[in-house]
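Every number for a ligand or one of its atoms is a count from 1 in the order of the listing. Because only heavy atoms are used, hydrogens play no part in the values below, and waters and symmetry mates are left out as well, while side chains stay in. Numbering starts at 1 and runs along the sequence shown.
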Amino acid sequence: MFPTHRPRRLRSHPQLRRMVQETVVTTNDLIYPLFAVPGEGVAQEVSSMPGVYQLSIDKVVEEAKEVYGLGIPAVILFGIPTEKDTDATGAWHDHGIVQKASTAVKEAVPDLIVIVDTCLCEYTQHGHCGYLETGDLTGRVLNDPTLELLKKTAVSQAKAGADIIAPSGMMDGFVQAIRAGLDEGGFEDIPILSYAAKYSSAYYGPFRDAAESAPQFGDRRTYQMDPANSREAIKEIELDIAEGADMLMVKPALAYMDIIWQVKQASHLPVAAYNVSGEYSMVKAAALNGWVDEEKVVMETLTSFKRSGADMILTYHAKDAARWLG
Ligand code: PBG
Ligand code: ZN
């Protein structure tokens, strides 16, 4: 018996394949992360992330111009402060590194969307994403005191010119607290992109080198989610939607495409996937060894994020992808 149905008919010619292609990645989908450090003229490559740099603000601005020139609509800013303390002062200070970087980028490239990561881990000396009693070595992050600091952080970031607030610390009620703070501050029109479903993941390792934000003791499992759970992700996004999130993020992306799919089905909000540092470093390492074709592997992965429901992708590959997309 010969088969009646021959799916291969539609694969027989490149133009036919183009016609039936379902998912297309475009430069519109990309968001590029940037790490701002104090100083001037600094461009320090992150050893575990080839091609990714810690940049002083003048260099962040140069990079922002390049990113905009490549057609990428947005960057997300992370900051490494000069000093870290219990109150994460560097996160919410009006002259904090991310505040200064946001203002500088918006001045130089007004049409580039500036997303800011709103969290405390880069600014606390213990490296946790929230407030701990001084001297507490158990790493028990206090939820509600953290909300107050996050609220202050978001308002000062908005004041500095940030276009989108992206809280990433997985504190309960953080979207509601930040929304209230922004509204009180007159920033009703600033959207919140919530890191709604963020897992406690070993794939963040290289990021913690880049952001100098590794927890000094303990881990993040009392606030980030267990990789074994998916229903919990839906609960998290439902809460964030109820609290007023405008967009939702799933993080990491590669090992969590089922979560991206489920979040997409469970909400009507735009969904972002964070193609995190460890995912980037693995591809880079293999590519530098000549073991995989970097362009093909990256584009296949980005396409798969979109196929699984992502409307946008935060990725360290963004500049390369934009170039490959022409
Ligand atoms: C923490 C934060 C993390 C990332 C961004 N913000 C993870 C963490 O250290 O727990 C990870 C991003 C990446 O790995 O690329 N608020
Ligand atoms: Zn954090």
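Counting only distances under 2.8 Å, and ignoring water, the protein N, O or S atoms around the Zn ion (ligand 2) are Cys119 SG, Cys121 SG, Cys129 SG.
For ligand 1, residues of the protein lying within 4.0 angstrom by heavy-atom distance are Phe78, Asp117, Cys119, Cys121, Cys129, Ser168, Lys198, Tyr203, Tyr204, Phe207, Arg208, Arg220, Gln224, Lys251, Tyr274, Val276, Ser277, Tyr316.
Side-chain atoms of Asp87 and Thr89 include no donor-acceptor pair closer than 3.5 Å. No side-chain donor from either of Glu45 and Gln54 sits under 3.5 Å from a side-chain acceptor of the other. Using modelled atom types, one finds a donor on one side chain and an acceptor on the other under 3.5 Å when comparing Gln157 with Thr118. In the model, Gln99 has a side-chain atom that pairs as donor or acceptor with a side-chain atom of Ser156 under 3.5 Å. Side-chain contact check for Tyr223 and Asn143: no donor-acceptor pair (N or O, by modelled atom type) lies under 3.5 Å.
If you look at Tyr199 and Tyr256, their ring centroids are closer than 6.0 Å. Checked against a 6.0 Å centroid threshold, the rings of Tyr280 and Tyr203 do not count as neighbours. The aromatic ring centres of Phe207 and Phe78 sit less than 6.0 Å apart.
From Met170, atom CE reaches atom SG of Cys119 across 11.0 Å, with rounding to the nearest 0.5 Å.
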